[in-house]
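Naming convention: chains lettered A, B, ... in sequence-line order (proteins, then strands); numbering from 1 in each chain.
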There are 2 protein chains.
Amino acid sequence: MVSIVSVAKAAGVSNKTVSRVINGEPHVTEDTRERVEKAIRDLGYIPNMAARQIRSSRSNTFGIITDYVSTTPYSVDIVRGIQDWANTHGKSILMANTGGLPEREAEIWKMFQSHRIDGVLYVTMYHRVVDPEAGDVSIPTVMINCRPQTSELLPSVEPDDFQGARDLTRYLLERGHRRIGYIRLNPILLGAELRLDAFRRTVKEFGLAESDLSIRLGMEGPVGAEENYVFAAATEMLQQKDRPTAIMSGNDEMAIQIYIAALTLGLRIPQDVSIVGFDDFRTVSLALKPELTTAALPYYDLGFQGAEWLNGVISEEKVRASRRVVSCKLVERTSVRAL
Amino acid sequence: MVSIVSVAKAAGVSNKTVSRVINGEPHVTEDTRERVEKAIRDLGYIPNMAARQIRSSRSNTFGIITDYVSTTPYSVDIVRGIQDWANTHGKSILMANTGGLPEREAEIWKMFQSHRIDGVLYVTMYHRVVDPEAGDVSIPTVMINCRPQTSELLPSVEPDDFQGARDLTRYLLERGHRRIGYIRLNPILLGAELRLDAFRRTVKEFGLAESDLSIRLGMEGPVGAEENYVFAAATEMLQQKDRPTAIMSGNDEMAIQIYIAALTLGLRIPQDVSIVGFDDFRTVSLALKPELTTAALPYYDLGFQGAEWLNGVISEEKVRASRRVVSCKLVERTSVRAL
DNA sequence: CATAAAAATGTCGACGTTGTCATTCGCTTG
DNA sequence: CAAGCGAATGACAACGTCGACATTTTTATG
């Protein structure tokens, strides 16, 4: 492979001058620069990042740690957001997956260190609390879609589940719904807790009694091995004497089952029962008929902002632990009617 | 950061001996090895991959190029399969996304070269034909879930859509179904073509007339911007005088709409109409009630086998262009009844 | 014991790039 | 014209590791 030495010889300059040209350093005449650029083109020179990393202690590479244990459609857009940011800022992405195994996580940190990555983005499938091993090392780290345990001084960027669920709840209340069912996402997830909390608070603020609500557990258990009660819960809920006029689903995936339960019972959506989801996973929210009103998890933005933030942490060499939340915008479609 | 020099001094050996220990080379006494390993532990030494790459011309890193233009749940497992293989074979994964843009693809190849990656896995969201720019360079490359245009000498590993759809068709025929509807996936996708072709051939071999079939287009247009006719097509098909007793859906996502169409028309699944999908995207196939019978796209295996194959290509330095297909196993659930 | 071979260890330069500082060239001012 | 300053370029060693080969030590054999 072509090195700086060949380019320098071809252009009749020193190695250092070639380096100045490719790094856009000042103090290079136009004539010299053109000669060098021509030699680079002619010889097909491509810089060796490894040599740069050794000499300059900059790898310009971010590591991403993910915890995917199964098909996980939800947070792919986080990675896409990170990659789009990285692409426009000259950073490379080294990617590794723990598969949910702590031992593998330790290996990954070590692998990242061997690559001298500049920083780490720790990404989770679901919005939850985690205990990353970053505390053992001083690699700049930003948590995405997850929250470090309180003893850790790590920045995190998370979706605003509370605001999203609050807005959905208000949306239903403003359209006259008073008897509202809520089928709850897996309780081990922070997102599930925040959404339910928002639901409860919002209806309370509105003056509704808890007895006007119908709250059921939709799923529970370890991620990737959940027990699923959604269809049964929705069926039971919709067969109540005073059945709810609207159901809030813990997420869009669960809404599939709620739709099917309603239709199977001969109920029309939204005429007989309105349904809202959460996350705007388009494969589902647009596939359901009528199309699902939901709050969109801002995964792409989480990724993009996380990468941006990490870059800031790296250049400032000062970790300011704080949490940023990105709002979950309400996406109005056709699954809700006004009473 | 700690280097080999510090370890060597602490262990009282040469740099090269430390190198021998960390690389598991022979001709190191047990006593020496232990001294070195202790020094490594005490000092927290982690090898610098960049220095290794420069000196030994081995990066032990694979590049993955993806073409994700939107939320794409389907092929995440490809990446997971690749990563699991890489993890157990000491390879790192550098990941970049074209977002479907050819210009970005050229930049990515260049970035990979600057990292001196050992080889490239070219991964597509959907099973289709592509024209990667690998032809311009001699980096070992394996196509995953996609097929190079015939002029390229590149190995590919693809799902056997034909076999999967053939098995599903037989499954329905064996259960007595003779009037079968087929709602077709986006025609620009190779997978769509293969599945429909299998359907047609299998029913023909079975002796059914084309007039016993009902084939509709479900979606069409550029990936990420498809027009979607599934719900309308299913509704129309199910309102036919001789409506089909079973419907084959181009994929699981489309099956959501077919389910809803059937239920909205007051038809029971599978009593009145049986439904099968394709791809076993579990978020959907398990969420549908009754659970969907389908053929599973072997994404994890595609990834795993692709990485394995690339490793072989790299070490043999000889590209044998050929196509491997991985079967799509029929997953029997409860959406089909026997007549 | 002497010799040869194998095992064990060490020396040194190479890889590609850039940080640091030295040197040269060109321009401006008195 | 000379001196000073800034721009432009170059020289060289350093970064961390390992390939290639040299040297030393140990073991086996006659």
Exercise for review: Check the distance between D:dG16's C1' and A:His115's NE2 and give it to me in whole angstrom.
Suggested key: 15 Å

Revision key, fill the gap. Residue pairs passing the ring pair (Phe, Tyr, Trp, His ring centres under 6.0 Å) test with at least one member in residues 46-65 of chain A, sequence neighbours excluded, are A:Phe62-A:Trp85

Check your understanding: What residues form a side-chain hydrogen bond (donor to acceptor under 3.5 Å, both in side chains) with A:Ser327, not counting sequence neighbours?
Key -> none

Review point. Hey, can you pull the residues of residues 27-34 of chain A with a non-hydrogen atom under 4.0 angstrom from DNA chain D?
Key: A:His27, A:Val28, A:Thr29, A:Thr32

**Study point:** Separation of atom CG in B:Asn60 from atom P in D:dC18, rounded to whole Å
**Key:** 11 Å

Practice item. Scan residues 82-98 of chain B for pairs that pass salt bridge (charged side-chain N to carboxylate O under 4.0 Å, His left out), counting only residues two or more places apart or in two chains. Key: A:Arg104-B:Asp84

Exercise for review: For A:Thr98, enumerate each residue passing the side-chain hydrogen bond (donor to acceptor under 3.5 Å, both in side chains) test, keeping only those at least two apart in sequence or located in another chain.
Suggested key: none

Check your understanding: So, are A:Asp160 and A:Arg323 salt-bridged, with charged N and O less than 4.0 Å apart?
Key -> no

Study note, to complete from the structure: The salt bridge (Lys or Arg N to Asp or Glu O under 4.0 Å) partners of B:Glu308 (sequence neighbours excluded) come to none

Check your understanding: For nucleotides 16-27 of chain C, read 5' to 3', which letter fits each nucleotide if B means a protein heavy atom sits under 4.0 Å from the base, S means only the sugar-phosphate is that close, and - means neither?
Key -> BBBBB-------

Check your understanding: Can you name the residues that form a salt bridge (Lys or Arg N to Asp or Glu O under 4.0 Å) with A:Glu107, not counting sequence neighbours?
Key -> none

Point to revise | Qualifying salt bridge (charged side-chain N to carboxylate O under 4.0 Å, His left out) pairs with a residue from residues 138-147 of chain B, counting only residues at least two apart or across chains | key: B:Arg147-B:Glu158

Study note, to complete from the structure: Residue pairs meeting salt bridge (charged side-chain N to carboxylate O under 4.0 Å, His left out), one or both in residues 42-58 of chain A, sequence neighbours left out, come to A:Lys38-A:Asp42

Practice item. List in chain and number order the residues that pass side chain to side chain contact (heavy atoms under 4.5 Å, CB included) with B:Arg116, two or more places apart in sequence or in another chain; answer none if no residue qualifies. Key: A:Met1, A:Ile46, A:Asn48, B:Gln53

Study note, to complete from the structure: Rounded to 10°, the angle between the first-five-pair and last-five-pair axes of the helix from C:dC1-D:dG30 to C:dG30-D:dC1 is 40°

